[in-house]
Amino acid sequence: MGILPACTIDLLNLARRKVSNNLRAIDGSNCGENLGNNYDQAKIPINYLICPQEAARTAPLSSPTSKYVGRGSPAERQMSYCTNPNCQNPQNLDRATVCKSCESNLLLKGRYRVFHTLGQSLTCRTFLAVDEDQPSQPRCVIQQFCGSAAVADGRTQQNRAFRGSASVLGELGKHPQLPKLLASFEVEGCQYLVQEYIEGRNLADRLSEKGVVKEIQIWYLLSELLPVLQFVHENQLIHGDIKPSNIIHRKTPQASPAWAGKEDLHPLSEESSSGLVLVDFGAAIPANSGPLKTQTVTGSAEYAAPEQIKGQAIKSSDIYSLGVTCIHLLTGMSPFDLFDIKTDSWAWRHYLKVPVSGRLGRILDKMVQREPSKRYRSTEAILTDMKYGPASAQVILSKPQWTLAMWGASVVALLSVVLSVRLPSPVPQAFTSSEPVSSIPEIRFNPPPMENFSSSGESQSGPAVRTLADQHKNPVWAVAVAPQGRVIVSGNNDGTIHLLHKRRGKLLKVLTGHLGPVWSVAVSPDGRTIASGSADGTIKLWNFYSGKLIQTLDGHTDGVFSVVFSPDNHTVASVGKDKTLKLWEVQSGAELETLKRVFDEVQSVAFSPDRETLAIGSSDGKINLWNWQTGELKETLWGHSEGVWSLAISPDGQTLASGSWDQTVKLWDISTNNQFRQPNASLLRTLIGHSDKVKSLAFSPDGDKLASADLSGTIKLWHMNSGEVAGTLKGHSTWVELAFNPQDKTLISGSFDDTIKVWRLSP
């Protein structure tokens, strides 16, 4: 394509703006822009955006909250709204039964009282109402469809088909992430659908209040909504209006006490345990009649696919809209500004504050292809690309209603689907940007057998940080260091376990056998055995020297978050998504004990050096201390407001460190200086400094320092005697796992940015 003259480009831009503004006016989206509305956006019911026309009408009310429905409070129920499309003054008193302007009945079907509009398009208006026929007078959402002589085109035919398919909407309402259809009826030539009111926050409000989302939250959004969209399409319906304001994070019915008063602190994926809900089927189109050709634009112009703008919506039009929604949430920019007319291509990556992985970028690029033949044709195809990273993410395909008990509790399952190829990591820095960096060349040959780990003559001098590169670009879930200090063990996203020489960076052995990402690895204190826990729900024991599989421990019904050896080498403890802690005998593989007395998913586990105490952290913020030999619960520690995802016990067994998604690290006294051998269980101090959720902890071999890492890739070192920050290590771009080398002053970090780094720390 040739280069257009500058004047032509300016005209095209102007035309685009005019068309987009006209389309916005038609569908009622992007309301509130440049209108000077004086109502409080935070108090608008969050199912839908209120339309500009209604905002202007209701602005003079005595209080911004008077427009919104309470549950019996007269102060909050001042006006009734007339649904007659031709009514010139629809506002009426609270208990009025007949409109003072047009004398229409204000109670639809004698039971539904409407209070105001939530949004409108050319042929559909959406209202917030209450059902006065029920004692509790619950809120509901009512959509009104009225034919018009001015709309004598395919849209009228579409509305007729849509109104006649209430049974389809009723079937859709059986899905937990779609609003229930409560009633369908006709009054005075208009069709009405009454649907469940979804209480929660829509993603447009979330973006406005908290800013752009992170990549991890886009994976969550896709894994939540793609199965929902698949269900909609299987029922032969096209949603037609997917955008941030039509995606709601359902409010948790019973929030955890630890979250009380902190709802606004939680990002997108933490606000609810009830998942995302797709609302507003006012622009829905039957999918079983082929492309529906009309002269009327459906949906919202910013998010609608080109063929939908032309009135020829197909199922993949919804995929396009979902993809545009994702890039809007990642950038915070209007989709109109993310498309470059000069190059006729999307330029959304230029507006990212933080680069996204290559895998997510490719998926989004294919979702937003303007040519339908180049776009994903089905949600199943996207889920397949998400599943094979390569990763066995049955957590997505087998659970279409997959939701989070807490965001922290299931993010591991979500991350299983991500990335095999990524953008390059930023240049690592150790305290200062001028530190030299040494990269190990990619390995291009078959790994040799592990026969000799001798490191005689190796120098301890070298750069402050070394990056061990892997040709497979494989995200790292877990790291451990062998007791002799010369071999690093990593658990990877492709289900493999890699053994790397710490100094040379040579890949010594690749262990294969897991069917899903390896979430945890541990090396026995005697250095003879490796234990690995996986998303496939199994634990495998491997011979450290030969790399051969010893046995597979089956017992967990879901993914295994963490595995750890007892100090005497004889026992392995494991915790998982099935909310259990299991103890296994290493020699026989027998299951010794299952502790089920936990109330939420357990994320982390640690043995004390005294061979008596086992600490477990769970996603409800508590830490349990067990006598693992008797099964007795010794103490419960409360202090974190969110999930405890990492635990570490100091070498002397006196101090327990806990890292949480509340961005803090807490130090606990667990010494047993009393005749009953009960831990003191007192909080020593709280370490504050991370700006993201703390994911990993590790004590230095001498117990003098504690290392902590968060989801943003930041590593902090803390002085144990004072609790002060000893230093901050920056070099990873995302999620980090930590392990200290037991033989020297080096810290090992494995990250989801596909790298393992070795940090040489000052004394």
Side-chain angles (χ1 to χ4, degrees), residues 440 443-458 460 466 468-472 474 476-492 494-515 517-534 536 538-554 560 562-574 584-590 607 609 698 701 737-744 746-750 756 758:
I440 306 299
I443 301 168
R444 302 285 183 184
F445 50 87
N446 294 328
M450 286 174 34
E451 297 175 351
N452 182 12
F453 292 128
S454 173
S455 61
S456 59
E458 287 186 353
Q460 293 301 312
R466 293 168 60 87
L468 308 183
D470 185 349
Q471 66 179 10
H472 301 296
N474 198 359
V476 177
W477 282 96
V479 291
V481 184
Q484 32 77 355
R486 293 188 289 273
V487 176
I488 297 171
V489 181
S490 69
N492 307 309
D494 65 356
T496 64
I497 300 162
H498 287 189
L499 278 65
L500 296 163
H501 196 288
K502 192 207 81 171
R503 296 292 298 170
R504 301 190 184 102
K506 182 181 294 184
L507 182 60
L508 302 169
K509 187 70 76 173
V510 177
L511 311 183
T512 61
H514 282 295
L515 300 178
V518 177
W519 288 348
S520 179
V521 291
V523 182
S524 61
D526 62 9
R528 295 177 179 272
T529 309
I530 298 172
S532 56
S534 169
D536 64 14
T538 68
I539 300 158
K540 294 184 182 293
L541 301 181
W542 313 81
N543 184 296
F544 178 81
Y545 294 98
S546 68
K548 292 182 178 180
L549 177 65
I550 300 173
Q551 56 191 327
T552 298
L553 310 180
D554 292 304
V560 178
S562 183
V563 293
V564 62
F565 280 95
S566 64
D568 61 6
N569 304 290
H570 298 327
T571 307
V572 168
S574 61
W584 312 83
E585 185 179 49
V586 173
Q587 185 173 0
S588 66
F607 274 107
E737 288 288 339
L738 300 173
F740 267 101
N741 188 324
Q743 300 298 326
D744 58 26
T746 56
L747 176 67
I748 314 301
S749 59
I756 297 175
V758 180

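For the residue pair Trp542 / Thr529, no side-chain donor-acceptor distance below 3.5 Å is found, with atom types taken as modelled. Thr552 and Lys540 share a side-chain donor-acceptor pair at under 3.5 Å.
Atoms CG and NE2, from Leu549 and His514 in turn, are 8.0 Å apart once rounded to the nearest 0.5 Å. To the nearest 0.5 Å, the span separating CD1 on Ile488 from CD1 on Ile748 amounts to 4.0 Å. In this structure, the separation between NZ on Lys509 and CD1 on Ile530 is 10.5 Å, given to the nearest 0.5 Å. The distance from the CH2 atom of Trp477 to the OG atom of Ser534 is 10.0 Å, given to the nearest 0.5 Å. The line from OG1 of Thr746 to CG of Asn741 is 4.0 Å long, rounded to the nearest 0.5 Å. The distance from atom NE2 of His570 to atom CD of Glu585, rounded to the nearest 0.5 Å, is 9.0 Å.
Taking all atoms of both residues into account, the shortest heavy-atom contact from Pro525 to Pro567 is CG-O, 3.8 Å. Between Leu511 and Gly547, the shortest heavy-atom distance links the atoms CD2-O, 3.2 Å. The shortest non-hydrogen separation linking Val489 to Val521 is O-CG2, 3.8 Å. Contact detail for Ala478 and Ser520: the closest heavy-atom pair is CB-CA, 3.7 Å. Between Val523 and Phe544, the closest heavy-atom pair is CG1-CD1, 4.5 Å. Considering every non-hydrogen atom in both Pro742 and Gly485, the closest pair reads CD-CA, 4.5 Å.
Side-chain atoms of Ser562 and Trp519, non-hydrogen and from C-beta on, never get closer than 4.5 Å to each other. Residues Ile497 and Leu499 have side chains in contact (heavy-atom distance under 4.5 Å, counting atoms from C-beta outward).
Residues forming a side-chain contact (heavy atoms from CB on, under 4.5 Å) with Val586 (at least two apart in sequence, or on another chain): Leu541, Phe565, Val572. Take Thr496 and apply the side-chain hydrogen bond (donor to acceptor under 3.5 Å, both in side chains) test, not counting sequence neighbours, and it matches Asn492, Asp494, His498. Not counting sequence neighbours, the partners of Ser574 by the side-chain contact (heavy atoms from CB on, under 4.5 Å) test are Ile539, His556, Val560, Val563, Lys582, Trp584. With sequence neighbours excluded, no residue satisfies side-chain hydrogen bond (donor to acceptor under 3.5 Å, both in side chains) with Asp554. Residues forming a side-chain hydrogen bond (donor to acceptor under 3.5 Å, both in side chains) with Thr512 (at least two apart in sequence, or on another chain): none. Applying the side-chain contact (heavy atoms from CB on, under 4.5 Å) test to Ser749 and every residue at least two apart in sequence or in another chain returns Ile715, His732, Val736, Leu738, Lys757, Trp759.
The backbone N or O of Arg528 sits less than 3.5 Å from a side-chain atom of Ser524, completing a donor-acceptor pair. One N or O on the side chain of Ser566 and one on the backbone of Thr571 form a donor-acceptor pair closer than 3.5 Å. One N or O on the side chain of Gln743 and one on the backbone of Pro483 form a donor-acceptor pair closer than 3.5 Å. With Asn543 contributing its side chain and Lys548 its backbone, the two residues share no donor-acceptor pair below 3.5 Å.
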Applying side chain to side chain contact (heavy atoms under 4.5 Å, CB included) to Val481 and Val487, what does each step give before you reach the verdict? CA-CA 6 Å; Val481 184; Val487 176; over 6 Å; no

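No more than 12 heavy atoms of other residues, nucleotides or ligands sit less than 6.0 Å from atom CD of Gln587.
Looking at Arg503 and Asp744, no side-chain N of the basic residue comes within less than 4.0 Å of a carboxylate O on the acidic one, giving no salt bridge.
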